[in-house]
Amino acid sequence: MIDLGISKIALIGAVALIVIGPEKLPRVARTVGTLLGKAQRYVADVKNEVNRSMELDELKKMKDTVEGAARDVENSIQTNASDFEKSWADVTGDSGSSASLPGMEIFPEYKHPKKKWRLKQGATPQWYKARSGVRTRAQSGAARVARFRPQPGRPL
């Protein structure tokens, strides 16, 4: 920015003290500081934006070159594959039925087993659960109290 030494800053401060006065100097210094900070932040934002746009341009160029190379490779593979198929058909005298070639079995298509892993399927027998007191059904609090309430005819 501007090349200011300590002597120049001191001279500017002395002139500002004389012109503005000692009462208003702190407020003016604060205002100048905030404005200087805003200017620095603005310059930093502009630099970041320029850097981002340059990187974006470089990435676009790189993407274009990679896509071109991929297209070239794909075309060369297709031409080689077609040449191989033609030469294979010439050698074997086959009309293109690939099911008759050894080692080229056709496997059935994969089907998802449709398992529901969240459903727990325990193997604990019901008689064991009943004997050990495992709750198998939901019961409200009032029903539980009524279940264990002493009957009028039974002794405690």
Side-chain angles (χ1 to χ4, degrees), residues 1-6 9 24-156:
M1 272 175 73
I2 301 171
D3 186 27
L4 294 176
I6 295 176
I9 292 176
K24 295 182 182 178
L25 186 63
R27 189 173 64 200
V28 171
R30 239 181 282 131
T31 305
V32 169
T34 56
L35 291 175
L36 188 63
K38 285 181 183 179
Q40 287 177 345
R41 283 193 294 274
Y42 179 72
V43 168
D45 289 343
V46 169
K47 282 183 180 178
N48 288 337
E49 188 65 30
V50 168
N51 287 339
R52 258 190 249 127
S53 65
M54 288 172 49
E55 289 175 2
L56 187 61
D57 291 338
E58 290 175 5
L59 287 175
K60 284 181 181 178
K61 289 177 185 176
M62 187 182 302
K63 176 187 168 196
D64 292 339
T65 57
V66 167
E67 285 179 350
R71 271 189 241 108
D72 293 342
V73 167
E74 182 181 2
N75 291 337
S76 67
I77 288 174
Q78 286 179 352
T79 55
N80 288 341
S82 64
D83 292 342
F84 176 74
E85 287 176 3
K86 288 177 185 176
S87 64
W88 182 260
D90 291 341
V91 169
T92 59
D94 201 6
S95 64
S97 61
S98 62
S100 65
L101 295 176
M104 298 294 286
E105 295 89 14
I106 298 175
F107 295 103
E109 185 178 332
Y110 173 77
K111 292 182 183 176
H112 194 271
K114 297 183 181 176
K115 292 184 178 180
K116 296 178 181 164
W117 58 273
R118 286 189 176 130
L119 294 177
K120 305 289 188 221
Q121 296 179 349
T124 310
Q126 290 294 327
W127 64 266
Y128 183 81
K129 289 181 183 178
R131 181 172 235 185
S132 60
V134 174
R135 290 187 195 150
T136 57
R137 291 181 172 79
Q139 194 174 35
S140 68
R144 205 174 296 116
V145 168
R147 181 178 171 198
F148 293 108
R149 183 177 292 135
Q151 299 296 324
R154 286 185 15 201
L156 295 175

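Sequential numbering from 1 along the given sequence is applied to the chain's residues. Just so we're clear, the structure is a prediction, and the values are computed from it rather than from any experiment.
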- request: Would you check if K47 and V50 make a side-chain contact, meaning some heavy-atom pair closer than 4.5 Å?
  value: no
- prompt: What's the spacing between L35 CG and R30 CZ if we round to 0.5 Å?
  reply: 13.0 Å
From CA spacing to verdict: side chain to side chain contact (heavy atoms under 4.5 Å, CB included), R149, R144: CA-CA 9 Å; R149 183 177 292 135; R144 205 174 296 116; over 6 Å; no
field: Least distance between heavy atoms, K114 atom then H112 atom
entry: N-ND1, 3.0 Å
statement: Here the gap from L36 atom CG to R41 atom CZ, rounded to the nearest 0.5 Å, amounts to 10.0 Å
- prompt: Quick one: side chain to side chain donor-acceptor pair (under 3.5 Å) pairs with a partner in residues 49-63, sequence neighbours left out?
  reply: E49-R52
- prompt: For atom CD1 of I6, is the number of surrounding heavy atoms from other residues, nucleotides or ligands below 6.0 Å larger than 12?
  reply: no
- prompt: How would you list, by chain and number, every residue that makes a side-chain contact (heavy atoms from CB on, under 4.5 Å) with E109, sequence neighbours excluded?
  reply: none
query: Counting only heavy atoms not in K24, do more than 12 sit closer than 6.0 Å to its NZ atom?
result: no
message: Contact between R147 and Q139 at the side-chain level, heavy atoms closer than 4.5 Å - yes or no?
response: yes
- line: So CG of D72 and CD1 of I77: to nearest 0.5 Å the spacing works out to 11.0 Å
